[in-house]
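These notes concern the structure reproduced below.
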Amino acid sequence: MSKKITFWLSFALISSLVISVASADSSQLTEQKLINHIDSYGNISLRNSDYESLPAGLMIEGNLDISNSAIKKLPKDLVIGRNFSLARTQISKIPTSTKIGGYLNAANTRIETFSRRVKVGGFINFAGSTLKTLPNGLRVYGDLSLLRTPIKILPDNLYVKGNLYLGMTEIKQLPSNLQVDGHIYLGGITIDTVPEDLKLGGYLFK
């Protein structure tokens, strides 16, 4: 093999390794890269990005939007001052140490369970997700949307400050000691019995 051919083979091999390393690094979101996504209000948008993870111990003053991104797992001790959207991601779990000052939008995700230890200051949207269970004693400080989820049973002692949306679920009855300050929207489902201890600030819409 001539020296010229050997040179080009070596060059091609090195180039492919460099491209491979660069591609791997591009999916990792470092604190330095994160600066490029922060606006003047402290909001971070990673919407539609190819990043696969978030830095550990991330604390954000404003909103965090990772919807439709390649991120599959959230770090522990994630703190978000305002709103958090992870809609249309492959994320299947929200760590119990997560704190969200505003609303949580988890629509069309793979989340099946949710812990009441996750602190959320506003509404919670699980519409179109794979949610199956919610914890007893869950308190939601805004609307709670369970539209188009496979959930079958609502937890006891559930409190919803806003409206409760149950359309296209498999729920057949309302739980004990349910309190909804707004309306309950059944969205076509049939509730067999309404508990006597239901506390409803608005109306029950079929």
Side-chain angles (χ1 to χ4, degrees), residues 21-131 133-135 137-149 155 158-165 180-183:
V21 171
S23 177
D25 289 342
S26 65
S27 66
Q28 302 302 315
L29 181 63
T30 63
E31 293 182 1
Q32 290 78 11
K33 291 181 180 179
L34 196 61
I35 296 175
N36 298 325
H37 300 279
I38 303 177
D39 66 18
S40 57
Y41 298 98
N43 303 313
I44 295 178
S45 177
L46 302 172
R47 185 183 180 91
N48 301 316
S49 71
D50 294 327
Y51 296 120
E52 297 179 355
S53 63
L54 293 170
L58 182 61
M59 299 181 67
I60 300 170
E61 293 183 2
N63 305 315
L64 175 60
D65 185 355
I66 63 171
S67 57
N68 203 38
S69 70
I71 295 173
K72 297 180 179 180
K73 186 177 180 180
L74 298 176
K76 295 181 179 180
D77 302 320
L78 176 62
V79 178
I80 302 165
R82 298 184 65 188
N83 307 315
F84 182 29
S85 178
L86 50 93
R88 300 181 303 283
T89 64
Q90 300 301 308
I91 292 172
S92 60
K93 183 179 180 181
I94 300 177
T96 57
S97 57
T98 304
K99 297 180 180 179
I100 305 165
Y103 67 69
L104 169 63
N105 183 8
N108 300 297
T109 61
R110 295 187 176 184
I111 294 174
E112 295 187 359
T113 62
F114 183 75
S115 172
R116 66 178 182 178
R117 292 171 60 188
V118 177
K119 303 301 181 183
V120 181
F123 74 72
I124 301 179
N125 181 16
F126 287 116
S129 71
T130 56
L131 186 75
T133 60
L134 288 172
L138 177 65
R139 300 182 67 84
V140 181
Y141 300 98
D143 294 345
L144 173 60
S145 178
L146 303 176
L147 293 167
R148 304 186 311 280
T149 64
L158 172 64
Y159 169 70
V160 179
K161 187 175 182 179
N163 301 319
L164 176 59
Y165 298 89
V180 179
D181 290 351
H183 308 300

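Note that this is a predicted model, so its numbers are computed, not measured.
The shortest distance between side-chain heavy atoms of Ile124 and Tyr141 does not fall below 4.5 Å. The shortest side-chain heavy-atom distance between Phe126 and Leu144 falls under the 4.5 Å cut-off. You'll find the side chain of Thr98 stays beyond 4.5 Å of the side chain of Leu104, heavy atoms only. Residues Tyr159 and Asp181 meet the side-chain proximity criterion, which asks for heavy atoms closer than 4.5 Å. In this structure, Val140 and Val120 have side chains that are not in contact, with every pair of non-hydrogen atoms separated by 4.5 Å or more. At least one side-chain heavy atom of Arg47 sits under 4.5 Å from a side-chain heavy atom of Arg88.
In this structure a side-chain-to-backbone donor-acceptor pair under 3.5 Å is present from Asn163 to His183. Asn105 places a side-chain N or O within donor-acceptor distance of the main-chain N or O of Ala107, the cut-off being under 3.5 Å. Proximity of a side-chain donor or acceptor of Thr89 to a complementary backbone N or O of Ser67 within less than 3.5 Å is not detected.
The OG atom of Ser129 sits 9.5 Å away from atom CZ of Arg148, with the distance rounded to the nearest 0.5 Å. Rounded to the nearest 0.5 Å, atoms CD (Glu61) and CD1 (Ile80) are 13.0 Å apart. Expressed to the nearest 0.5 Å, how far CG of Leu54 lies from OG1 of Thr30 amounts to 12.0 Å. Here CD of Glu52 is found 13.0 Å from NZ of Lys73. Values are rounded to the nearest 0.5 Å. The CD atom of Gln90 sits 9.5 Å away from atom OG of Ser69, with the distance rounded to the nearest 0.5 Å. Atoms OG and CD1, on Ser85 and Ile66 in that order, are 8.0 Å from each other to the nearest 0.5 Å.
When each of Ile71, Leu34, Leu58 is paired with Leu29, the side-chain contact (heavy atoms from CB on, under 4.5 Å) condition holds for Leu34 and for no other. For the side-chain contact (heavy atoms from CB on, under 4.5 Å) criterion with Val118, the lone passing option out of Leu138, Ile94, Leu78 is Ile94.
Summarising the geometry of Arg116 relative to Pro135, their closest heavy-atom pair is N-CG, 3.5 Å, with the distance given to 0.1 Å. The two residues Ile91 and Leu86 come nearest to each other via the heavy atoms CD1-CB, 4.2 Å. Contact record, Ser49 with Leu46: OG-O, 2.8 Å, taken as the closest heavy-atom pair. For the pair Ala56 and Pro75, the tightest heavy-atom approach, listed with the atom from each and the gap, is CA-CB, 4.0 Å. Contact detail for Thr133 and Leu131: the closest heavy-atom pair is O-CD1, 3.6 Å. Pairing each heavy atom of Gly128 with each of Thr149, the nearest pair is N-CG2, 4.1 Å.
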Point to revise | Evaluation steps, side chain to side chain donor-acceptor pair (under 3.5 Å), between Asn125 and Tyr165 | key: CA-CA 9 Å; Asn125 181 16; Tyr165 298 89; over 6 Å; no
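A donor atom on one side chain and an acceptor atom on the other are not found under 3.5 Å apart for Asn63 and Tyr41.
Heavy atoms of other residues, nucleotides or ligands lying less than 6.0 angstrom from CZ of Arg110 number 12 at most.
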